[in-house]
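Here's the structure, in structure tokens; my notes come after.
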Amino acid sequence: QVLLVQSGGGLVQAGGSLRLSCAASGRTFSMYAMGWFRQVPGKEREFVAAITWGGGNSYYADFAKGRFTISRDNAKNTLFLQMDSLKTEDTALYYCAKNKEIYSVRRYDVAEEYDSWGQGTQVTVSS
């Protein structure tokens with residue numbers, strides 16, 4: 001079981017930036033696609049972005065395109081989410097997650113395809 005520990009997040013004004021990090025335990029990090037999801041109270045967890053195991057391809061929800069950037073450093077077992085031009089509607093609890101499949105992915109944007117989750121980190125964007 002991979003342990004994912006998140007850091008970053010916090011309070012920022014609209015238009016500002018934040019960077020989230022997600023450190024993975026073990027030696028298998030580079031075998032799996034990784035993703036970021038977010039959730040607000042009363043709503044389902046929502047896909048934000050995903051990246052393939054080697055980092056060569058990335059995928060974004062429409063609201064994240066052009067503002068968020070997902071990246072990974074396999075040498076350091078770390079996943080990142082750079083969030084720029086933040087909006088108040090980006091306020092949520094953000095989670096990193098490991099995809100179930102080794103060197104393969106069936107769906108990047110479905111939470112049920114991920115089997116390890118970080119503890120969540122709050123992002124609050126004020127107006």
Side-chain angles (χ1 to χ4, degrees):
Q1 185 76 4
V2 174
L3 178 64
L4 302 175
V5 179
Q6 296 179 224
S7 60
L11 175 64
V12 65
Q13 286 192 327
S17 298
L18 284 173
R19 189 192 200 201
L20 306 183
S21 298
C22 173
S25 64
R27 301 181 180 181
T28 62
F29 178 73
S30 62
M31 298 180 181
Y32 296 95
M34 298 291 294
W36 288 97
F37 287 75
R38 69 184 188 183
Q39 191 169 22
V40 297
K43 293 190 176 181
E44 291 188 355
R45 201 162 290 191
E46 177 181 42
F47 171 72
V48 176
I51 188 167
T52 50
W53 42 96
N57 291 290
S58 54
Y59 305 86
Y60 297 91
D62 286 345
F63 66 80
K65 291 177 182 176
R67 299 190 301 124
F68 294 4
T69 303
I70 188 172
S71 62
R72 64 190 298 163
D73 184 341
N74 284 345
K76 296 183 178 180
N77 276 15
T78 305
L79 176 73
F80 303 99
L81 184 68
Q82 177 68 39
M83 302 185 292
D84 300 318
S85 302
L86 283 162
K87 305 175 181 180
T88 55
E89 52 263 44
D90 293 320
T91 295
L93 194 58
Y94 283 72
Y95 295 91
C96 63
K98 180 189 78 64
N99 199 272
K100 290 179 179 179
E101 308 290 331
I102 295 177
Y103 294 129
S104 178
V105 173
R106 292 184 294 183
R107 291 286 301 270
Y108 288 102
D109 58 341
V110 175
E112 288 72 20
E113 292 297 317
Y114 293 79
D115 60 0
S116 294
W117 293 83
Q119 80 276 18
T121 186
Q122 180 67 37
V123 171
T124 302
V125 185
S126 64
S127 58

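By the rule that hydrophobic residues join a cluster once side-chain heavy atoms approach within less than 4.5 Å of another member, I70 and W117 end up as members of separate clusters. Hydrophobic clustering of Ile, Leu, Val, Met, Phe, Trp and Tyr side chains at less than 4.5 Å, counting indirect connections, unites I102 with Y108. One hydrophobic cluster, built from ILVMFWY side chains closer than 4.5 Å, cannot hold both L79 and Y32; they sit in different ones. Under the 4.5 Å side-chain heavy-atom criterion for ILVMFWY residues, no single connected hydrophobic cluster contains both F80 and W36. Linking Ile, Leu, Val, Met, Phe, Trp and Tyr residues whenever their side-chain heavy atoms come within less than 4.5 Å places V125 and F63 in a single cluster.
One finds the CH2 atom of W53 at 14.0 Å from the OG1 atom of T28 (value rounded to the nearest 0.5 Å). In this structure, OH on Y103 lies 12.0 Å from OG1 on T52, to the nearest 0.5 angstrom. Atom-to-atom distance recorded for K87:NZ and R67:CZ is 4.5 Å, nearest 0.5 angstrom. Interatomic distance, OG of S116 versus CE of M34, reported as 8.0 Å (0.5 Å rounding). Once rounded to the nearest 0.5 Å, the distance linking CG of L20 with CD of Q6 reads 7.0 Å. Atoms CG and CZ, on D84 and F68 in that order, are 8.5 Å from each other to the nearest 0.5 Å.
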Stepwise salt bridge (Lys or Arg N to Asp or Glu O under 4.0 Å) check, E113 with R106
CA-CA 8 Å; E113 292 297 317; R106 292 184 294 183; 3.2 Å; yes

Go through D115 and Q1 one step at a time and tell me if the side chain to side chain contact (heavy atoms under 4.5 Å, CB included) criterion holds.
CA-CA 9 Å; D115 60 0; Q1 185 76 4; 5.8 Å; no

What verdict does the side chain to side chain contact (heavy atoms under 4.5 Å, CB included) test give for F29 and K76, after you've listed the backbone C-alpha separation in whole Å, the side-chain angles of each residue and the deciding distance to 0.1 Å?
CA-CA 9 Å; F29 178 73; K76 296 183 178 180; over 6 Å; no

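Between S21 and T78, the shortest heavy-atom contact is CB-CG2, 4.4 Å. Shortest non-hydrogen contact noted between S85 and S17 is N-OG, 4.4 Å. Y114 and N99 make their closest contact through CD2-N, 3.4 Å (heavy atoms, listed as atom of the first residue, atom of the second, distance). Nearest approach of L4 to A24, heavy atoms of both residues: CD2-CB, 3.6 Å.
The aromatic rings of F47 and F37 sit perpendicular, their planes meeting at an angle over 60°, well past the 30° parallel limit.
Counting heavy-atom neighbours within 6.0 Å of E89 CD, excluding the residue itself, gives a total above 12.
A heavy-atom distance below 4.5 Å is not found between the side chains of L93 and V40. C22 has its side chain out of reach of V5: every pair of non-hydrogen atoms, C-beta onward, lies at least 4.5 Å apart. Side-chain contact between Q82 and S71 is absent, with no heavy-atom pair separated by less than 4.5 Å. Two residues are said to be in side-chain contact when any heavy atoms from C-beta on lie closer than 4.5 Å; I51 and N57 fail this criterion. Two residues are said to be in side-chain contact when any heavy atoms from C-beta on lie closer than 4.5 Å; V48 and Y60 fail this criterion. Using a 4.5 Å cut-off on side-chain heavy atoms (C-beta onward), T91 and Q122 make contact. At a threshold of 4.5 Å between non-hydrogen side-chain atoms, the residues L81 and T69 do not count as touching. Using a 4.5 Å cut-off on side-chain heavy atoms (C-beta onward), R45 and Y95 make contact.
Ionic pairing of R38 and E46 is present here: one or more N-O contacts between side-chain nitrogen and carboxylate oxygen are shorter than 4.0 angstrom.
Side chain of T88 to backbone of S126: no donor-acceptor contact under 3.5 angstrom is found.
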